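See structure below.
Residue numbers begin at 1 in each chain, while the letters A, B, ... track the order of the sequences. All values derive from a computational prediction rather than experimental measurement.
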Protein chains: 2
Amino acid sequence: MTTGTLVPVFAALGDETRWSILAALGEGDASASALAGRLPVSRQAIAKHLAVLQEVGLVEPIRVGREVQYRVIGSQLSDTARRLEAIGAEWDRRLATIKEIAEGL
Amino acid sequence: MTTGTLVPVFAALGDETRWSILAALGEGDASASALAGRLPVSRQAIAKHLAVLQEVGLVEPIRVGREVQYRVIGSQLSDTARRLEAIGAEWDRRLATIKEIAEGL
DNA sequence: CCAGACTGCAACCCTTAGGTTGCATTCGTC
DNA sequence: GACGAATGCAACCTAAGGGTTGCAGTCTGG
């Protein structure tokens, strides 16, 4: 079972505030300050969340003038989904095998 | 964006020890006590993790004699993967749209 | 029926994670 | 070149999460 760098991604996705940030970024790229205007948390809190998201490759920073805007990397979500799907399928397959054995096939 | 009950699942999947438990359960159903024999944590710690995993539907308890064995629900993993995939695709689509607009198509 | 094993509950410890405020710094824009 | 807006850094607070130990309860299996 290669979980590899997968767990930190899930940890990053396991926070409501970060999903709010991702959702807000879905409306278009935005800086930490801009996001702070739309979400009920401070700019610094958002900066920390963005750091976490960037760490696991869910978001990328883009300098625009004196701002640092962030963009969601959708492919990382898709990639993570595929890896999770593979694991889920693996478990289904394994359980099916166990079931067959139990039923004496 | 309907994240619904998705976030707690990711939170549950964002812990290495819980993946160890899931991996161990992949070898076959097992009780908290049995798992404690294979993993470097106490039975009670494992019991807590199992409670979390059960809470989000990743695992189900099965009484066998005086034991309570746990089984991985692979379909929940697959289901979560599909929902994540859908979100990732949505983002890709949206970014593509933004890109087209930016390029003046 | 009784001993032993397994589960369940509770209290407690410690670290981390999410959040805040405040200040320093950088870097465009005018 | 200076002002202002934005970022970055640091200290701090609090709650929650992962872990432990200990004990009570329950229930099977011989």
Side-chain angles (χ1 to χ4, degrees), chain A residues 3 5-25 27-72 80, chain B residues 1 3 5-25 27-73 80:
Chain A
T3 49
T5 173
L6 204 52
V7 178
V9 178
F10 288 128
L13 292 177
D15 182 272
E16 294 283 0
T17 302
R18 278 192 287 266
W19 276 99
S20 303
I21 292 175
L22 289 174
L25 287 180
E27 308 294 322
D29 301 351
S31 66
S33 298
L35 290 171
R38 283 196 263 169
L39 300 177
V41 284
S42 69
R43 192 204 92 229
Q44 290 81 348
I46 290 179
K48 286 187 187 178
H49 284 303
L50 286 171
V52 172
L53 291 171
Q54 181 182 347
E55 183 74 20
V56 299
L58 282 170
V59 118
E60 65 179 349
I62 303 172
R63 282 215 80 100
V64 176
R66 67 182 149 194
E67 301 189 354
V68 177
Q69 297 193 340
Y70 287 83
R71 169 171 302 175
V72 176
T80 301
Chain B
M1 184 83 29
T3 49
T5 173
L6 204 52
V7 178
V9 178
F10 288 127
L13 292 177
D15 182 271
E16 295 282 0
T17 302
R18 278 193 285 267
W19 276 100
S20 303
I21 291 175
L22 289 175
L25 287 180
E27 308 294 323
D29 301 351
S31 66
S33 297
L35 290 171
R38 283 196 264 168
L39 300 177
V41 284
S42 70
R43 191 204 94 228
Q44 289 81 347
I46 291 178
K48 286 188 188 178
H49 285 303
L50 286 171
V52 172
L53 291 171
Q54 181 181 346
E55 184 73 20
V56 299
L58 282 170
V59 118
E60 65 178 350
I62 303 171
R63 282 215 79 100
V64 177
R66 68 182 149 195
E67 301 190 354
V68 177
Q69 297 193 341
Y70 287 84
R71 169 171 302 174
V72 176
I73 304 178
T80 301

Any N or O donor-acceptor pair linking the side chain of A/Arg43 to the base of D/dG8 at under 3.5 Å? yes
So which heavy atom on B/Ala36 is nearest to which on B/Ser42, and how close? CB-C, 4.3 Å
Estimated bend of the helix from C/dC1-D/dG30 to C/dC30-D/dG1 (axis per five terminal pairs, rounded to 10 degrees): 40°
Quick check for you: among C/dG19, C/dC9, D/dC9, whose closest atom lies nearest to any side-chain atom of A/Val41? C/dG19
Pick out which of B/Leu53, B/Val52, B/Val41 makes a side-chain contact (heavy atoms from CB on, under 4.5 Å) with B/Ile21. B/Leu53
Look at the side chain of A/Gln44 and decide which nucleotide, out of D/dG19, C/dC6, C/dT20, has an atom nearest to it. C/dT20
Any side-chain heavy-atom pair of A/Leu35 and A/Leu50 under 4.5 Å: yes
Report yes if some heavy atom in the side chain of B/Ser33 is under 4.5 Å from a heavy atom in the side chain of B/Glu67; otherwise report no. no
Between B/Thr17 and D/dG18, does any side-chain N or O lie under 4.0 Å from OP1 or OP2? no
If only side-chain N and O atoms of A/His49 are considered, is one of them under 4.0 Å from the OP1 or OP2 phosphate oxygen of C/dG19? yes
Upstream residue (5' side of DNA chain C) when A/Arg66 and A/Val52 are each assigned their closest nucleotide: A/Val52
Test item: A/Leu13 and A/Val56 side chains (from C-beta on) under 4.5 Å apart, heavy atoms: no
Winner on side-chain proximity to A/Glu67, out of D/dA6, C/dT21, C/dC6, is D/dA6
Answer yes or no: does a side-chain N or O of B/Ser42 lie under 4.0 Å from OP1 or OP2 of D/dT20? yes
Considering heavy-atom distances to DNA chain C, does B/Val68 or A/Arg63 have its closest nucleotide positioned more toward the 5' end? B/Val68
From the list C/dT20, D/dA6, D/dT20, which nucleotide is the closest neighbour of the side chain of B/Lys48? D/dT20
Check whether any side-chain heavy atom of A/Thr80 lies under 4.5 Å from a side-chain heavy atom of A/Leu6, and answer yes or no. yes
Check every strand shown and say whether A/Ala32 touches a base, only sugar-phosphate, or nothing at a heavy-atom separation below 4.0 Å. sugar-phosphate
Flag if over 12 foreign heavy atoms under 6.0 Å of CD, B/Glu55: no
Let me know the distance between CD1 of B/Ile21 and C1' of D/dG19, rounded to the nearest Å. 12 Å
Whole-Å distance separating the CD atom of A/Glu16 from the P atom of C/dA17: 18 Å
For B/Ile46 and C/dC6, give me the distance from atom CD1 to atom C1', rounded to whole Å. 14 Å
Return the value, rounded to whole Å, for the distance between atom CG of B/Asp15 and atom P of D/dA16. 18 Å
Distance, rounded to the nearest Å, where B/Leu13 contributes CG and D/dG18 contributes P: 12 Å
Nearest to the side chain of B/Arg18 - D/dG18, D/dA6, C/dG18? D/dG18
